[in-house]
Amino acid sequence: MGSNAKKDTPFGRADFLRLAEEQYGDRPEYLWRTSPHNAVLRHPENRKWYAVLMQVSREKLGLAGAGPVDIVDLKCDPTLAGSLRLAPGILPGYHMHKGNWITLVLDGSVEEETVRFLLDRSHSLTAQGAGTKPPAGGRTWLIPANPKYYDVEAAFAAQDTIRWKQSSRVAVGDTIYLYVAAPVSAILYQCKAVEVDIPFRRTGGPVKLERVMEIQRLHQFRPDQLTLDVLRSHGVYAVRGPRSVPEPLLEEIHFLLRQAGKEVP
């Protein structure tokens, strides 16, 4: 089932399990004899859980209504978890560390796209080596491109590697996301820095250049995927110069890359 498929029924437990199998090839493990409905999904490499499915009474969750409901616990960034819990169907982790886990109610309260994003984030956070410091050449940048001064779309249509103004401490191997300003107003390109600190002096024209770098295009996003509105929802209200990519926005970018079958840096 694709992310844009329309359904007449709410996104529930069976949909969640099918999604996990499609995305990662994992099937649920039922570990508790006394709770045969409860299950975990975990990485085959490190055996860490990234999802815990349970059936709990609505009363225990503080929800209106009677009877049991399917839920799933997912690991989440503490900085993101607080704001997520303000949304319908997202609660503090049930029977898990409430700072690092959240609970999704699988009764249609949470939209499928949100479930997909949070499942992908939990899978990443619990993967082998998650949370380790990235090596040199592993930083991620958000850099603006102004079509008034340079037609980056035409440049990348002609070749995959171009030269770009360098005004920050970019290192070879760093990942660069190019935000193309109005009328596009969206991140269009994922690139990699392949050469930096190239002397290039130009004082005339609207942009002063003293050094440049070579960047290689790795992926092109659709203009409707990482719009300015999406960036604003993750705390990026303008892109006026090179800056690091906030973690919540980076996770959304990684989710889109995985959907496209691309390698995540």
Side-chain angles (χ1 to χ4, degrees), residues 77 79-80 121 124-125 127 129-182 184-223 225-228 230-258 260-265:
D77 309 82
T79 54
L80 185 60
R121 182 57 187 147
S124 298
L125 285 170
T132 56
K133 185 177 180 181
R139 294 191 65 181
T140 303
W141 300 89
L142 182 58
I143 293 179
N146 194 330
K148 292 181 181 179
Y149 303 142
Y150 184 72
D151 191 343
V152 65
E153 294 185 70
F156 273 135
Q159 55 189 10
D160 285 334
T161 301
I162 63 174
R163 288 196 167 186
W164 198 261
K165 177 185 178 182
Q166 184 179 347
S167 57
S168 53
R169 300 176 64 85
V170 177
V172 171
D174 282 3
T175 301
I176 296 166
Y177 294 100
L178 284 182
Y179 172 83
V180 182
V184 178
S185 302
I187 295 174
L188 281 193
Y189 301 102
Q190 178 206 26
C191 305
K192 179 175 69 173
V194 294
E195 187 175 353
V196 299
D197 297 324
I198 304 170
F200 188 96
R201 185 167 183 81
R202 188 184 77 188
T203 55
V207 180
K208 179 181 178 181
L209 294 179
E210 293 184 347
R211 57 177 179 152
V212 296
M213 57 186 174
E214 285 195 349
I215 59 175
Q216 179 185 15
R217 179 182 56 184
L218 302 178
H219 180 66
Q220 182 169 345
F221 299 97
R222 296 197 317 267
Q225 289 183 304
L226 294 167
T227 63
L228 183 56
V230 173
L231 271 61
R232 285 171 174 163
S233 72
H234 294 301
V236 178
Y237 297 97
V239 185
R240 297 188 177 91
R243 54 165 294 171
S244 60
V245 183
E247 188 67 20
L249 175 58
L250 189 59
E251 288 311 315
E252 181 148 349
I253 292 172
H254 287 177
F255 176 62
L256 292 173
L257 289 172
R258 290 190 182 98
K262 299 294 183 178
E263 183 178 350
V264 172

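Of all heavy-atom pairs between Asp174 and Arg139, the closest is OD1-N, 3.1 Å. The two atoms that bring Leu142 and Ile187 nearest to each other are CD1-CD1, 3.6 Å, heavy atoms only. Among all heavy-atom pairs drawn from Ala181 and Pro147, the shortest one is O-CG, 3.8 Å. What you find for Ala171 and Ala193 is that their closest heavy atoms are O-CB, 3.5 Å. The shortest heavy-atom contact between Met213 and Val196 is CB-CA, 4.0 Å.
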Next item on the list: Determine, stepwise, if the pair Glu247 / Thr79 fulfils side chain to side chain contact (heavy atoms under 4.5 Å, CB included).
Entry: CA-CA 9 Å; Glu247 188 67 20; Thr79 54; 5.8 Å; no

Margin query: Ile215 vs Tyr189, test: side chain to side chain contact (heavy atoms under 4.5 Å, CB included). Steps then yes/no.
Written below: CA-CA 11 Å; Ile215 59 175; Tyr189 301 102; over 6 Å; no

Next item on the list: Please lay out, stage by stage, how Gln225 and Val230 fare under the test side chain to side chain contact (heavy atoms under 4.5 Å, CB included).
Entry: CA-CA 8 Å; Gln225 289 183 304; Val230 173; over 6 Å; no

Checklist line | Step-by-step side chain to side chain contact (heavy atoms under 4.5 Å, CB included) determination, Arg243 to Val236 | finding: CA-CA 10 Å; Arg243 54 165 294 171; Val236 178; 3.9 Å; yes

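How far NE2 of His254 is from CD of Glu263: 10.5 Å, rounded to the nearest 0.5 Å. From Arg217, atom CZ reaches atom CG of Leu188 across 11.0 Å, with rounding to the nearest 0.5 Å. Considering OG1 of Thr161 and CZ of Phe156, their distance stands at 7.5 Å, rounded to 0.5 Å. Distance CD/Gln190 to CG/Leu257: 5.0 Å, rounded to 0.5 Å. The OG1 atom of Thr140 sits 8.5 Å away from atom CD1 of Ile253, with the distance rounded to the nearest 0.5 Å.
Judged by distance alone, with hydrogens and angles left aside, the side-chain atoms of Asn146 form a donor-acceptor pair with the main-chain N or O of Lys148 at under 3.5 Å. Distance alone, capped at 3.5 Å, is enough to place a donor-acceptor pair between the Gln166 side chain and the Asp197 backbone.
Put simply, the side chain of Ser124 reaches to within 4.5 Å of the side chain of Arg258, judged on heavy atoms. No side-chain heavy atom of Leu218 sits less than 4.5 Å from a side-chain heavy atom of Lys262. The shortest side-chain heavy-atom distance between Pro248 and His234 falls under the 4.5 Å cut-off. Using a 4.5 Å cut-off on side-chain heavy atoms (C-beta onward), Val152 and Ile162 make contact. Using a 4.5 Å heavy-atom cutoff, the side chains of Leu226 and Tyr179 are not in contact. A heavy-atom distance below 4.5 Å is found between the side chains of Val184 and Glu153.
With sequence neighbours excluded, the residues forming a salt bridge (charged side-chain N to carboxylate O under 4.0 Å, His left out) with Glu251 are Arg121, listed by chain and number.
The side-chain contact (heavy atoms from CB on, under 4.5 Å) test with Trp164 singles out one residue from Ile176, Leu178, Ile198, and that residue is Leu178.
Taking the six-membered ring where the residue is Trp, Phe221 and Tyr177 present tilted rings, their angle falling between 30° and 60°.
Crowding of Gln159 atom CD: a count of heavy atoms from other residues, nucleotides or ligands under 6.0 Å exceeding 12.
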